[in-house]
Amino acid sequence: AAERAALRGGPLPLRIFNTYAAFDATGHDALDQAVGAVRELPAIAGVKFNVGPNARAAAAYRACIQVAGTRLPAGARLLCECHPGTMLETPAALAAFVPPAEPWTFDVILHPFLDGPELIAAWLSVAGRHAMHAHVQMRDPRNDRVFLSLADEPARTRECFAALAAGGFNGTFTLEFSAPTLTARDQPRE
């Protein structure tokens, strides 16, 4: 309750709510808690979620997404973070997950500065206008555990922004990780 009160009264607007509730047949208790929290917080535009890694559970994931979407406050959209470790880690997997004849029940979060221009184009060709949000993080290509600032790789940053623009991306961004995360200078409280 104290954390929710701090979020409601904080100096920055909270627009995206992050949940790690299981989006499968067993995860409804955690999903109920997440939806309850979203309803308590003002002006939530999106709820970030992940599906699990099990492709055989695709029907359960779809059903849970459908249920969650109907329970969110008006104006809040589900935002699926499609990345490694989930069954939606590739554009092809996303294309197979969303039946072509059915309406989309969620939008997609991209990781453009990890993916690069070719993969950005592939994600946008599948998700189209449903690519509504992007997580900003860039890693050192020589060491995946080292986070960079976008300013550390200006050419790569420009290429990724150009690919987003060329693909028609018109979404929002969240700074997910940046230098000096995971270093001795990483001071989250400052």
Colleague: What's the spacing between Gln137 CD and Leu114 CG if we round to 0.5 Å?
Modeller: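 Result: 4.0 Å between the selected atoms.
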Colleague: Check the hydrophobic clustering (I, L, V, M, F, W, Y; side-chain heavy atoms under 4.5 Å; chains of links allowed) and say if Leu31 and Leu72 are grouped together.
Modeller: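 As far as the 4.5 Å side-chain criterion goes, Leu72 and Leu31 are connected within one cluster.
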Colleague: Can you measure from NZ (Lys48) to OG1 (Thr19) and round to the nearest 0.5 angstrom?
Modeller: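 If I round to the nearest 0.5 Å, the distance is 8.0 Å.
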Colleague: Determine whether Phe161 and Leu110 fall in the same hydrophobic cluster, where Ile, Leu, Val, Met, Phe, Trp and Tyr are linked whenever their side-chain heavy atoms lie under 4.5 Å apart.
Modeller: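 Yes, same cluster.
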Colleague: Quick one: closest heavy-atom pair of Pro112 and Ala134, and the distance?
Modeller: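 Residues Pro112 and Ala134, closest heavy atoms: CD-CB, 3.8 Å.
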Colleague: Does the side chain of Phe113 reach to within under 4.5 Å of the side chain of Arg156, using non-hydrogen atoms?
Modeller: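 A side-chain contact under 4.5 Å is absent here.
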Colleague: Could you pull out the closest heavy-atom pair between Leu88 and Cys80, with the gap in Å?
Modeller: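 Smallest interatomic distance, heavy atoms only, reads CD1-SG, 3.8 Å.
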Colleague: Side chains of His133 and Thr172: donor-acceptor distance under 3.5 Å anywhere?
Modeller: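 Short answer, yes.
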Colleague: Do Arg15 side-chain atoms and Ala45 backbone N/O form a donor-acceptor pair below 3.5 Å?
Modeller: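 The answer is no, because no donor-acceptor pair under 3.5 Å joins these two groups.
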Colleague: Can you measure from OG1 (Thr105) to NE2 (His130) and round to the nearest 0.5 angstrom?
Modeller: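 One gets 9.5 Å once the value is rounded to the nearest 0.5 Å.
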Colleague: Would you call Glu153 and Glu159 a side-chain contact if the rule is heavy atoms closer than 4.5 Å?
Modeller: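 No. Closest side-chain heavy atoms not under 4.5 Å.
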Colleague: Do Ile65 and Val51 have side chains that get closer than 4.5 Å, going by heavy atoms?
Modeller: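 Heavy-atom side-chain distance check passes, below 4.5 Å.
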Colleague: When hydrophobic residues are tied together by side-chain contacts of less than 4.5 Å, even through go-betweens, does Phe97 share a cluster with Trp123?
Modeller: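 The answer is yes; both residues are in one hydrophobic cluster.
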Colleague: With rounding to the nearest 0.5 angstrom, report the CG to CH2 distance, Leu94 to Trp104.
Modeller: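 The CH2 atom of Trp104 is 4.0 Å from CG of Leu94, to the nearest 0.5 Å.
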Colleague: State which residue, out of Phe17, Tyr61, Phe23, fulfils the ring-ring contact (aromatic ring centres under 6.0 Å, His included) condition with Phe49.
Modeller: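 Option passing the ring-ring contact (aromatic ring centres under 6.0 Å, His included) with Phe49: Phe23.
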Colleague: Mind checking whether Glu176 and Val136 have side chains closer than 4.5 Å, heavy atoms only?
Modeller: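 No, their side chains stay 4.5 Å or more apart.
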Colleague: Quick check: closest heavy atoms across Glu89 and Pro84, and the distance to 0.1 Å?
Modeller: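 Minimum heavy-atom contact is OE1-CA, 3.1 Å.
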Colleague: Please find the pair of heavy atoms, one from Gly116 and one from Cys160, that lie closest to each other, and give the distance.
Modeller: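 Smallest interatomic distance, heavy atoms only, reads CA-SG, 4.0 Å.
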Colleague: Please evaluate residues His111 and Glu81 with respect to the criterion side chain to side chain contact (heavy atoms under 4.5 Å, CB included), reporting the C-alpha separation (whole Å), side-chain torsions for both, the decisive distance (0.1 Å), and the verdict.
Modeller: CA-CA 9 Å; His111 292 84; Glu81 184 179 28; 3.0 Å; yes
Colleague: What pair of heavy atoms forms the shortest contact from Pro99 to Arg62, and how long is it?
Modeller: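 Shortest heavy-atom contact: CD-NE, 4.1 Å.
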Colleague: Looking at every non-hydrogen atom in both residues, tell me the closest pair between Leu79 and Gly46 and how far apart they are.
Modeller: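 Between these two residues, the closest heavy atoms are CD1-CA, 3.8 Å.
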Colleague: Okay, side chain of Arg39, backbone of Arg71: is any donor-acceptor separation there less than 3.5 Å?
Modeller: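 It does hold such a pair.
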Colleague: Using a 4.5 Å cut-off on heavy atoms from C-beta on, say whether the side chain of His83 contacts that of His135.
Modeller: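 Contact flag for His135/His83 side chains = no.
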Colleague: Please round to the nearest 0.5 Å and tell me the distance separating atom CG of Leu119 and atom CG of Leu124.
Modeller: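 With rounding to 0.5 Å, CG (Leu119) is 10.0 Å from CG (Leu124).
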Colleague: Would you indicate whether Arg8, at its atom CZ, is surrounded by more than 12 heavy atoms from other residues, nucleotides or ligands within a distance under 6.0 Å?
Modeller: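 Atom CZ in Arg8 is crowded, with more than 12 foreign heavy atoms closer than 6.0 Å.
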Colleague: With a 6.0 Å cut-off (strictly less than), is the heavy-atom count around CG of Asn143, excluding the residue itself, greater than 12?
Modeller: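 Yes, enclosed.
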Colleague: Just so I know, are the side chains of Leu164 and Ile120 near enough to count as touching, which here means a heavy-atom distance under 4.5 Å?
Modeller: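 When only atoms from C-beta onward are counted, Ile120 and Leu164 do touch, with a gap below 4.5 Å.
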Colleague: Before you tell me yes or no, could you show the steps for Val35 and Val47 under side chain to side chain contact (heavy atoms under 4.5 Å, CB included), namely the whole-Å CA-CA distance, both residues' side-chain angles and the distance that decides it to 0.1 Å?
Modeller: CA-CA 9 Å; Val35 169; Val47 177; over 6 Å; no
Colleague: Can Phe173 be reached from Leu150 by stepping across I, L, V, M, F, W or Y side chains whose heavy atoms are under 4.5 Å apart?
Modeller: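 Both belong to a single hydrophobic cluster.
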Colleague: Pair Arg77, Met132 - check side chain to side chain contact (heavy atoms under 4.5 Å, CB included), show working.
Modeller: CA-CA 10 Å; Arg77 289 284 294 163; Met132 292 296 295; over 6 Å; no
Colleague: Going hydrophobic residue to hydrophobic residue with side-chain gaps under 4.5 angstrom, can you get from Ile16 over to Ile109?
Modeller: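 As far as the 4.5 Å side-chain criterion goes, Ile109 and Ile16 are connected within one cluster.
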